[in-house]
Amino acid sequence: MEIGNLLLMFSSLAAVLSALMFLITLRNGKLGNAVIAENLLYTSTSACLAALLLLVYYFITDNFSIWYVYVNSNVEMPAIYKLSAVWAGKEGSLLLWTFLNLLVTSLFLSAGKKDWTKVKAALTMTAFTSYLLFILTFFSNPFVVLPYNPNNGYGLNPLLRTVEMVIHPPIVFLAYSLSALLFSVILSGSEQAGSEQEQIARLSWLSLTLGIIIGGWWAYRTLGWGGFWGWDPVENSSLLPWLTLTLYFHLRKHREIFAYLTFTSVLFATFVTRGGVISSVHSFGSEYTDYTYLIPLLCSLIPVLVRAKEFGDIKSVCTSQLPVLFSSALIVVFLGTVANLIVNVERSYYLITFLPVFAIIAALVILKIKKMNSVIKIIHLGVIILFLGSASVWLFEHHETLNLGTADGFRLEDILINEDSEKFTVISEIQTPYGIVYPKYLIYKIERRDRGISTVELISYPWVDHYFALTNFDLNKKEVVLEHYTIPLISAVWIGSVLMVAGGILRFSASSIHRTNDS
Amino acid sequence: MGSKKVSLAALLTFIAIAIIVLYHNISPYITPSELLNMNNAYNVQVVGKMSDLRVRDNVTFFKLTDGKAEIEVIYRGKVQQYDSEVVVVGDWDNGTLYAEKILRKCHTEYTGG
């Protein structure tokens, strides 16, 4: 039997037993018994880490008899992308997420004094992670072995061969694990967990924000992904937990509801991306819808429903209308995402509904920013700048497709093709009114048919980006088709984003220092 | 109490507006089998998988299938054959789909987070 499978089964068994032992400890009322549960948790974490490292090893050593490696890799791919290919598919990314869940729970449990809050939170986390491990072992297993040993892999999707692919998924999954932990800690209901709870919330906001921004930067530099924010269901469903978590920080009373909803949104995102609902509506025989993630999603709604009557008493630290504004934004994004599963939703829907809400929020921030302390001010300044940038890009972006030879001011100077062991590269040299650019078209030597991608070339000014990509070429006639986007104030999107992350880091580290002084 | 009611009313009004706006900003995806039952249709979004790709003088011809029926598509420009589903936006006229845009179904080929 495949070692990876054994490790996964061992990890699952240890996680289930750990959850059971946490439950028994709670029933007995003897805190000392938690030691057994704790050690089982560490065992499960170690086995899961071993499974993850084994999968990395299979990728690095080109073990194509493992189906998952075959589908997502090929010999010629650089080692760094082989590493990122570990989480390029459904199975590997679930393994990564499961490991991060276990890691976060282990770190949480081992830090500081053990108390009942920790035991209760660890019970919720281990129970949830056991469920993920169960799916991973039996339905979404990355260690399925092929009956033969292929010479080369099918090849990773060329669009995923980027540095962003190495860092974006782990950061997003870390945020997802932390929001599960936040849910669990709040559910365990201790008042004294206040500062710890706040730290977890801040760290999960920070990683979620960073993850979304890296995703936006990646999407911006990829032709056909709709710019830094394409209102695609996957992006939208990561915006939902961001909105609920951001609102959480702005509430004074009954804010727990929005911490619960953050985890519910995370599970909704998981359902949207992993459930296959996006494809299944188009009724292909091979596609199926996976409803397994709906079970934890519905469970996570229970504490929200129990406290539903408190919705009316929610108090904000800002204006009393803030919860209404954020709820509006949430509902707009949620409706659009759900509708997008069945029909195509035009971008104009979001411009008409989301942008005005964003504008009101930005205006409120401008009114209140004077009274904020310096760190909070940095984050909110980021929000204002991000708003200006987004609004400018969404409303004033301009696109033209140019057939070079006819377009004024654009000239194809040269075009040639190179070959290395991994791919063919078509390089063009194009004179534009803004300077010379060298857009490329890469054709990877892999089995999969979607093997060609356009690279994006940018000429950036502080107020505008000129964005070029080669989408068509004829080497004999020396003709190319060039896509040209004029994107005003995109720099504001990045500056605003950096300020938000910087503020988030300062806030997290400031409160860490504060806590150390306290204790 | 009063302000709470106002907030709730504002939220409900907003949701109502959002639903109306949404209703006017959607266009259904059509499958090739559904399209074959129509004589002509403009600005449709057809979902399917590509096959039999041919390129002649900068014009691409291919077949789009939903597993039940297939239609002929003509696209001015080059396009590669994708393994995953694509959305073809264009006009359907007398048995041929004249594509204006060919979109890959969002970037859900990354099935992670």
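Proteins come first, then strands; the chains are lettered A, B, ... in the order of their sequence lines, and each starts at number 1.
Comparing A:Leu94, A:Asn344, A:Leu335, A:Thr222 by heavy-atom pairs within less than 4.5 Å of chain B, the highest count is held by A:Asn344.
The CG atom of A:Leu325 sits 9.5 Å away from the OG atom of B:Ser7 when rounded to the nearest 0.5 Å. A distance of 11.5 Å separates CD1 in A:Ile352 from CD1 in B:Ile20, rounded to the nearest 0.5 Å.
Of all non-hydrogen atoms in A:Ser328 and B:Leu11, the two that sit nearest each other are OG-CD1, 3.4 Å. Between A:Thr353 and B:Ala18, the closest heavy-atom pair is CG2-CA, 3.9 Å.
Looking at A:Val481, there are no atoms closer than 4.5 Å to chain B (heavy atoms on both sides), in backbone or side chain. Contact annotation for A:Val357: only side-chain heavy atoms (C-beta onward) come within less than 4.5 Å of a heavy atom of chain B.
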Handout entry: side-chain contact (heavy atoms from CB on, under 4.5 Å) evaluation trace for A:Tyr349 with B:Ile26
Key = CA-CA 8 Å; A:Tyr349 160 71; B:Ile26 51 175; over 6 Å; no
